Amino acid sequence: MSGGKFLSALGSAGFAMILLGVLLAANLLLNPVRFQPAGWGTLMGLAAPLIGAAAASTPVILAGRGGIDISVGPLMGFINAVVIQVLFLNAGIASPLVIVPAALLLGAAVGAVNGFMATVVRIQPIVATLGTYLVLAGVTLTILPAPIGPAPGWLKAMAGPISIVPLAAIFLFWWAIRQTPYYDQLMAVGSDDRAAFTAGVPVGKVRFIAYVITGILAAVAGLMLTALIGSADPNIGANYTLIAIAAAALGGVSLAGGRGGLAGAAIGAIVIFLLQSLLTAFNVSTYVLQIAYGTILVLAVMLTAVQDRLAARRAVR
Amino acid sequence: MRADRSWLSGTNGRVAGAFLVALMLHLAGTLLIPGYSAPFAIRAILVLAALLAVASIGQTLVVILGGIDLSIPFVIGFANVVAAQLYGQGWNFGLVCLLVAVLALGIGALNGLISRGLNIHPLIVTLGIGMIVQGLVLLWTKGFPSGSAPQAVSSFVSIGGSVGPLPVPWLVPCLVVLTAMVVVVLARTPYGRRLYALGSNPGAAPLALIDPVRMWVATYAASAFFAAVAGVLLLGFTGSAYGDVGQPYLFQTIAAVVVGGAALVGGRGSYLGTVAGALVLTEINTLLIGLGFQPAAVQAALGLIIVLLVSLYGRERHVSTTI
Amino acid sequence: MLDVALHVRGVSLAAGKAPITQTIAPGEIVGLAGLDGHGQERFLQTLAGLHAPPAGEVVLSSAKGEQAIRTFRTAVAAGIAYLPRDRRATGIFPTQSVLDNFAIATPERDSRFGLISFARRRARYERYRDKLSIVAQRPDAPITTLSGGNQQKVLLARALALEPKLLLLNDPTRGVDVATRHVLYDVFRDLAAGGMGLVILSTEIEEVLLLCQRVLVFREYEVAAELSGEAMSADTVIAAMFGRAA
């Protein structure tokens, strides 16, 4: 990515960048032990699944016209369950050369099903992926009624500083997509699908591919989740769905489509993670934590909206 | 064939279709499971569907408006716990209900004001506000709500209850009346017509003298109000306060609205359809559990059936037809 | 008689542009012309209260006194109706019926004790259907089942249902077939004959020449020429649009 492109990607995250700086400083100040440089690897491992989930949620949102994938969380949980229970414990497969491609394929397949429903059958995305959400959550609980472990050693090793590897893979993958004409088509479809269609962009196909990309990224996020918890837990994945979408929105990804990017979504996810750790550092009850969390989420999107509005007004003048 | 299609794609067709599906599911249950049509079983289905239908009133309204309300489960939990707690502390129950209603209206109004006023997607706003509400309730009760519902509320929703000669609790006839009222408000009042218009084309609404912010505030307030009603009714149904009692209603209300034939893009939908959708979901649930499926499998099957039903009659238009 | 006049006093369309002062008299049809994006649309929307001008004021005077137009709502309350240009984006409600689309700005007129009487609404619609010769087989079917011209007539009926004293039309015959155009022209002339003032923005010069007694030609957010009578011809209007002397 050229410097200018990178800056413009960050610019769309706008307000989230300021929040990121403030929260990072606050964490360093109030929680120096946890945030000492030696601990950064561990922190990254803790944040990785949410960053992955937010990144995964982004492509379908960019594709516009109500594009959203609420099955990202359950898909992460499903990957987690399949990798540990089916592949590792039942089939005895531990090799990353099998597990990683299998997980990515599964993710792509689920994404393709979502994409098929949203673009060919033309069910509203939120309903289609709600169906997938329920199916995946149900199937996960069926193959894995209770938490179970352990995970293969190499996968557990990805929890700490090594979590940079899957994260880097996600952003390399996205960087590669940005170099292709597909990226321009995606943004065109997201900002105005009618105009894009008239200009000859295959709108349905572009959206379909966005769902597949989301599925693949969700699979990576599922692997990172598995690395972090070092086991399989059927109930943990679904929690990521709404927070991941909130993180993307916080990072400047417009839920109307066509605006934002993976970098912004990642920043949004890091903001949410830093917020959580800051609140935890204050040692307040989980209830206060939840209130503060919700308040800051709402305030942050409100401030982002106000900032956008002011920017738009300035542009008109 | 063509006539069939246009009938199916019309609102009335969708509603009739959803009721037909509910009926077919019930017949299937009766054939497959002994005792499925026993009076008690039918009463249970009606009560469960009625509770879902009450919780879905607000979702129907905001979906017609082109929004979505994820705060419904949190407001249900809020009303459930606050009502029980205050009643347990010896408050007059009428006063409790009034307070809960006023607070709920405030929560909903805030949802609408922030979403429309600042043009932020309601998904994020209602989720954030919902989390705050839940946190406040947890903080207040320290996570252990106490108290119970007055006897009147319990018998109002009790599956064993009856209304004179009718073998159903008061909830069921009251829902029929409430449904009629919602249908009339949507079809025959300036508010109802403006609701559809605003959802249909937000860009044209201000020129037709529709104030979008006012409409969103009023509609989200109504949504939270009915969620609170459902929360109090659920208190009577389960007997004791439980903050997470509303959680299953997060996706179920959306599913009921969608199965009932509303498009989530706004401007379409009917409450009668939602009532049918609530019946369909309750029938599916009861049927699958009766067939011996585990809750996890029931959930998976529910997902499949929602997608199947919506693909039958809830399809969106192709982009080429929108130009 | 609707003795209502609209006064535009020193209105600048953008900062630093020459102020415009005009009066739209009752029964007058005034045309607005200009190359796309030269301020005629901004002027029309300013009259409707949709744009607050950087300088000057728009005032409606009647027997009751003067009323300043600052927002769209005050404009409508004062008796101004506005027909938008883009039918699809800012005009119709596509999922709603013809009747709904007609009555949506004035539902209270059909209401009794808060409930809309469908019979009253239908009766009110029939009056305008006759007047505008709207062709709609089923008024309870979605408005998208009508042709573009008939959709436009329904939107005009919606504006007229406000019983305005002044009508602002933003390119009213855009995408409308020739036969329907002439129906609309007759309607506009009838309305003016009844004492209503009309301001018509049109992208077609022929239309302006045919309908209007007076035309304001816009160039770069200023009134480049005000033409009427003998001086108003296709050549003079075009010359003013391009900023040439005729």
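Every chain is numbered from 1, with letters handed out A, B, ... down the list of sequences. Keep in mind that the numbers below use all heavy atoms, side chains included, and drop hydrogens, waters and symmetry copies. Worth saying up front: this structure is predicted, and the values here are computed from it rather than measured.
Comparing Gly303(B), Gly143(B), Ala255(B) by heavy-atom pairs within less than 4.5 Å of chain A, the highest count is held by Gly303(B). Chain B forms the most heavy-atom pairs under 4.5 Å with one residue out of Ile126(A), Val127(A), Leu134(A), and that residue is Leu134(A). Ranked by heavy-atom pairs shorter than 4.5 Å toward chain B, the options Val121(A), Leu141(A), Leu299(A) are led by Val121(A). Contacts with chain B were tallied for Val203(A), Thr142(A), Leu242(A); Leu242(A) has the most, counting heavy-atom pairs under 4.5 Å.
Heavy atoms closer than 4.5 Å to chain A are found in the side chain of Ile306(B), but not in its backbone. Interface remark: Ile114(B) contributes side-chain atoms only to the contact with chain A (heavy atom separation under 4.5 Å). For Val120(A), the part lying under 4.5 angstrom from a heavy atom of chain B is the backbone only. For Ile305(B), no part lies near chain A; criterion is any non-hydrogen pair under 4.5 Å. At a 4.5 Å heavy-atom cutoff, the contact between Leu136(B) and chain A is made by backbone and side-chain atoms alike.
Taken to the nearest 0.5 Å, the CG atom of Leu130(A) stands 6.5 Å off from the CD1 atom of Ile254(B). Rounding to the nearest 0.5 angstrom, the gap separating the OH atom in Tyr287(A) from the CG atom in Leu139(B) is 8.5 Å. Note that OG1 of Thr132(A) and CG of Leu304(B) are 9.0 Å apart. Values are rounded to the nearest 0.5 Å.
Taking all atoms of both residues into account, the shortest heavy-atom contact from Met131(B) to Gln290(A) is O-NE2, 3.2 Å. Summarising the geometry of Ile123(A) relative to Ser311(B), their closest heavy-atom pair is CD1-CB, 3.8 Å, with the distance given to 0.1 Å. Of all non-hydrogen atoms in Gly138(A) and Gln299(B), the two that sit nearest each other are N-OE1, 3.8 Å. Nearest heavy-atom pair, Ile120(B) versus Met302(A), reported as atom, atom and distance to 0.1 Å: CD1-CA, 3.6 Å. Annotation for Ile124(B) and Ala246(A): closest pair CD1-CA, 3.6 Å, computed over non-hydrogen atoms.
For the pair Ile68(A) and Leu123(B), the minimum side-chain heavy-atom distance is below 4.5 Å.
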